Structure formats: structure tokens, C-alpha cells
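Below is one structure, written out as C-alpha cells, with a few remarks after it.
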Amino acid sequence: LGDIEDIVLQENNFSGACCFDLLEHLEKDELAIDQIYHSLKKGGRMIFTVPAYGFLFGSHDIALEHKRRYTKKEIAEKIKKSGFKILQIGYWNSVLFPLEATFRIIKNFIYRVCKIKTHNTEIRFSNNIMNRVLCRVMSLDLWFLRRGIKLPFGLTIYGIIEK
């Protein structure tokens with residue numbers, strides 16, 4: 001256990017790494033990507049997710065202590081700079097994107113105009129019915145991806161990369 005920004009990982013030691021919604025929390029995200037690259041054995045893979053689109057950055061992100069959101073191009077450049085080969089990169093959570101993006105843009109505008117300083121997230125504990133509905137909606141993304149259909153946008157960027 002440790003902070004990826006403070007520890008040194010043993011070189012060529014791991015076969016895989018997962019970074020699900022981690023990199024956006026780090027001041028030095030490129031350092032963490034470098035650390036992971038060097039800790040992986042040749043052919044080792046990393047799977048990651050990060051929040052997409054800087055223009056959506058707002059109260060939700062601040063409440064969750066995010067430092068940034070990424071574009072697909074930006075995260076790809078950081079990954080390649082570390083030496084990784086991109087096997088797959090794309091968007092996830094596309095079906096909900098239009099509704100959520102509209103909501104966040106309006107919310108960010110209201111926060112800016114009203115100079116609201118307290119930040120909160122839209123994430124709330126929900127009930128079983130809501131969880132089932134959201135799982136069904138999000139499974140549509142999986143349906144598209146399984147058929148080789150690249151989603152043109154989404155709230156999340158995912159990737160599979162290899163040393």
C-alpha cells in the first residue's frame with residue numbers, strides 16, 4: 001500500500017496494472033504512468049479509465065478532488081511518452097453523455113454566475129431499481145463496443161496499453 005507519487009515500484013515486476021479513475025487525482029500523473037511502465041514486465045498491460053472532456057470540469061470534479069479531465073489525444077500522448085503502446089482507447093458512458101454533459105454545463109454556469117464556492121457531486125447512494133436502470137442503460141455502450149462500434153464521445157475514456 002502506498003501513494004503512487006511517493007513510492008518507487010520494483011522494475012519489471014508486474015504483469016498488469018489497473019488504474020480505474022486514479023490518474024485524474026494525481027498532481028504528477030505522468031510520473032505515475034512512468035512508474036507503472038517501468039514496473040511492468042515486457043508485454044505487461046495496464047487498463048485505465050479517466051474522466052473525459054475538460055470543458056465538463058466543475059463542482060463534481062472539485063468535490064471528488066480531481067485535478068483534471070482528459071481529452072483522448074492528451075491521455076494518449078502521455079501514455080506514448082512513457083513508452084507504452086496503445087492497444088485500445090475509446091469512450092465509455094456515451095448513452096448518458098448528452099444528458100449529463102448538458103446538466104454539468106448548466107450547473108457550472110450557475111456556479112460561476114452565482115459565485116458559489118461550495119462544491120458537491122451528483123453521485124448519491126441510490127436504490128436497487130435505479131441501479132438496475134443505470135446498469136441497463138450503460139450496457140448499451142457494451143453492446144456497441146462488442147460489435148466493434150467505436151463510440152464518438154463519452155463521460156469516460158478507457159484504454160488498454162502494453163509495455
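Since we're looking at a predicted model, the values are computed, not measured. All values below come from the heavy atoms of this structure, side chains included, with hydrogens, waters and symmetry mates left out.
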Hey, what do you get for [atom1] ([X]) to [atom2] ([Y]), rounding to the nearest 0.5 Å?
X    : Y    : atom1 : atom2 : answer
I89  : I160 : CD1   : CD1   : 10.5 Å
L64  : S59  : CG    : OG    : 9.0 Å
L56  : T102 : CG    : OG1   : 9.5 Å
K78  : E30  : NZ    : CD    : 4.5 Å
E162 : Q88  : CD    : CD    : 12.5 Å
K28  : D34  : NZ    : CG    : 12.5 Å

Looking at every heavy atom in both [X] and [Y], which two are closest together, and how far apart are they?
X    : Y    : value
I33  : I79  : CG2-CA, 4.4 Å
N108 : G58  : OD1-CA, 3.3 Å
H60  : K107 : N-NZ, 4.5 Å
K72  : G90  : CD-CA, 4.1 Å
H66  : F57  : O-CZ, 3.5 Å
L9   : Q35  : N-OE1, 3.5 Å

Is the count of non-hydrogen atoms from other residues, nucleotides or ligands lying under 6.0 Å from [X] atom [atom1] greater than 12?
X    : atom1 : answer
F109 : CZ    : no
L142 : CG    : yes
K150 : NZ    : yes
K67  : NZ    : yes
R147 : CZ    : yes

With a 4.5 Å limit on heavy-atom distance, are the side chains of [X] and [Y] in contact?
X    : Y   : answer
W143 : V95 : no
L23  : L26 : yes
K42  : N12 : no

same_hphob_cluster([X], [Y]) at 4.5 Å side-chain heavy-atom cutoff:
X    : Y    : value
L151 : M138 : yes
V8   : I4   : no
I110 : I62  : no
F20  : I157 : no
F153 : L155 : yes

Exercise for review: Using the side chain to side chain contact (heavy atoms under 4.5 Å, CB included) rule, pick out the option among D141, T49, V137 that qualifies with N93.
Suggested key: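 Answer after filtering D141, T49, V137: D141.
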Check your understanding: Is the closest basic N to carboxylate O distance between D29 and R68 below 4.0 Å?
Key ->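 Yes, charged N to carboxylate O under 4.0 Å.
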Practice item. Please report the C-alpha distance between R69 and F55 in whole Å, then the side-chain angles of each, then the deciding distance to 0.1 Å, and finally whether the side-chain contact (heavy atoms from CB on, under 4.5 Å) criterion is met. Key: CA-CA 8 Å; R69 287 179 158 264; F55 70 88; over 6 Å; no
Exercise for review: Please confirm whether Y53 and Y91 have ring centers closer than 6.0 angstrom.
Suggested key: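 Between Y91 and Y53, which both carry aromatic rings, the centre distance is below 6.0 Å.
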Review point. Quick one: are the ring centres of F48 and Y70 less than 6.0 Å apart?
Key: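 Between Y70 and F48, which both carry aromatic rings, the centre distance is not below 6.0 Å.
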Practice item. Examine distances only and state if a side-chain atom of K163 and a backbone atom of Y37 form a donor-acceptor pair shorter than 3.5 Å. Key: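 Looks like yes, one N/O pair under 3.5 Å.
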Review point. With no hydrogens and no angle check, do the side chains of N13 and S39 hold a donor and an acceptor under 3.5 Å apart?
Key: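 No, S39 and N13 have no side-chain donor paired with an acceptor closer than 3.5 Å.
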